[in-house]
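Taking it in order: structure first as structure tokens, then the write-up.
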Protein chains: 2
Amino acid sequence: MTNSIYTTAAPVARLIEELHKLPGIGPKSAQRLTYHLLRAPAEDARALAQAILEVKEKITLCSICQNVTDADPCSICDDHGRDSASLCVVEEPLDILALERTRSFKGRYHVLHGVLSPMDGTGPGDLKIQELLERLRSGEVTEIILATNPNLEGEATAMYISRLLKPLDLRITRLARGLPMGGDLEYADDVTLTRALEGRQEV
Amino acid sequence: MTNSIYTTAAPVARLIEELHKLPGIGPKSAQRLTYHLLRAPAEDARALAQAILEVKEKITLCSICQNVTDADPCSICDDHGRDSASLCVVEEPLDILALERTRSFKGRYHVLHGVLSPMDGTGPGDLKIQELLERLRSGEVTEIILATNPNLEGEATAMYISRLLKPLDLRITRLARGLPMGGDLEYADDVTLTRALEGRQEV
């Protein structure tokens, strides 16, 4: 017995293991979170467990825009004050939160739930592209903003969708690429700087 | 409606909020974890929620050493192969895991569950010091290793306990302070270097 290494009680080890499965939570963080929950009041831990269960029970995808929602259609699709002519296509639900925070877009959204990635085996069939095409049938939408991320996969996905939509006679745009505000030209990477030059605007 | 900022569905917002309450989880991490759980298979999310609930239900403190355990006494206190003469006093259950990983201590432990911290209002009564004194009554323990952290509060707590135990005629030791293995003398801070000099040993 003395030679076997001591391990913590099974329920503790199990929680460490489950937390360690989450993205960005290493083994040390998982331990620290576990001991935090052990010390925390029982109602706090229960509230967290309950919130996890509820999010799986109550949240579905909006049948129109594919955003996560607890009511179908979601609050954005259900908002008649928004501009139905402008549709912003994003990768993830989190991107909608980021865009909404700017308060500068009043159109509607469509969530792809991913990007094309041959490396990860994600093809067009794994994204909500079919649902996008169906939404465009009514002819209400006149502009598509392809707001996928400005990286290799995001660009490739935007390119793929723009080709697909070409026959539909829509205005298809992409968010501007350039120097981030508050950034420093000296530290900008080559690709960003090239994009900023290409996209230069008259003052 | 158009002027009010869009927020995500209530159950999603609630989970973000609950995760954000955890130490080291900022608002961005809480969002990312939430959307990860939304995408994760239902059984994975349930396993995490279950592990959180179980840890609160099944885990208690060992009545002897105050370590977290699902059986009382815990597996260390219940292990007759260990040396009952040597008692290592630590701040937190995690410290036991760290010490056990070294496989170089075969005695028993006592968990204080904190350190003296006037700033946070933690006094001797908030730590498991009374329980420590009671354990020492039998006279079985002959050496106390004060393994609190080598920082201000850890040192103060060790000092407090060592004074308290002085009348008991025990060997009272503290873990060696000095340069960490693999460290670099050039980058050592003054206090560590001073301690390393004071504690220098003949080769």
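Chain naming here is simple, since letters A, B, ... match the order of the sequence lines and numbering starts at 1 in each. No hydrogens, no waters, no symmetry mates; every other heavy atom, side chains included, goes into these values.
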Option in [options] with maximal non-hydrogen atom pairs under 4.5 Å from chain B:
options	result
A/Leu94, A/Leu97, A/Ile96, A/Leu22	A/Leu94
A/Arg14, A/His113, A/Lys21	A/Arg14
A/Gly24, A/Cys74, A/Pro93	A/Pro93
A/Ile25, A/Thr69, A/Ile16, A/Val68	A/Val68

Legend entry - chain B contact via A/Leu19 - which portion, at a heavy-atom distance below 4.5 Å: both

Legend entry - Segment of A/Ala10 engaging chain B (4.5 angstrom heavy-atom cut-off): both

Over 12 foreign heavy atoms within 6.0 Å of [atom1], [X]:
X	atom1	result
A/Asp184	CG	yes
B/Arg171	CZ	no
A/Glu198	CD	yes
B/Asp189	CG	yes

Inset, instruction - Identify the residues of residues 136-163 of chain B whose heavy atoms come closer than 4.5 Å to a heavy atom of chain A, ordered by number, or report 'none'. - result: none

Inset, instruction - Could you tell me which residues in residues 28-65 of chain B have at least one non-hydrogen atom under 4.5 Å from a non-hydrogen atom of chain A, sorted by residue number? - result: B/Lys28, B/Gln31, B/Arg32, B/Leu33, B/Tyr35, B/His36, B/Leu37, B/Leu38, B/Arg39, B/Ala40, B/Pro41, B/Ala42, B/Asp44, B/Ala45, B/Arg46, B/Ala47, B/Leu48, B/Ala49, B/Ala51, B/Ile52, B/Leu53, B/Glu54, B/Val55, B/Lys56, B/Lys58, B/Ile59

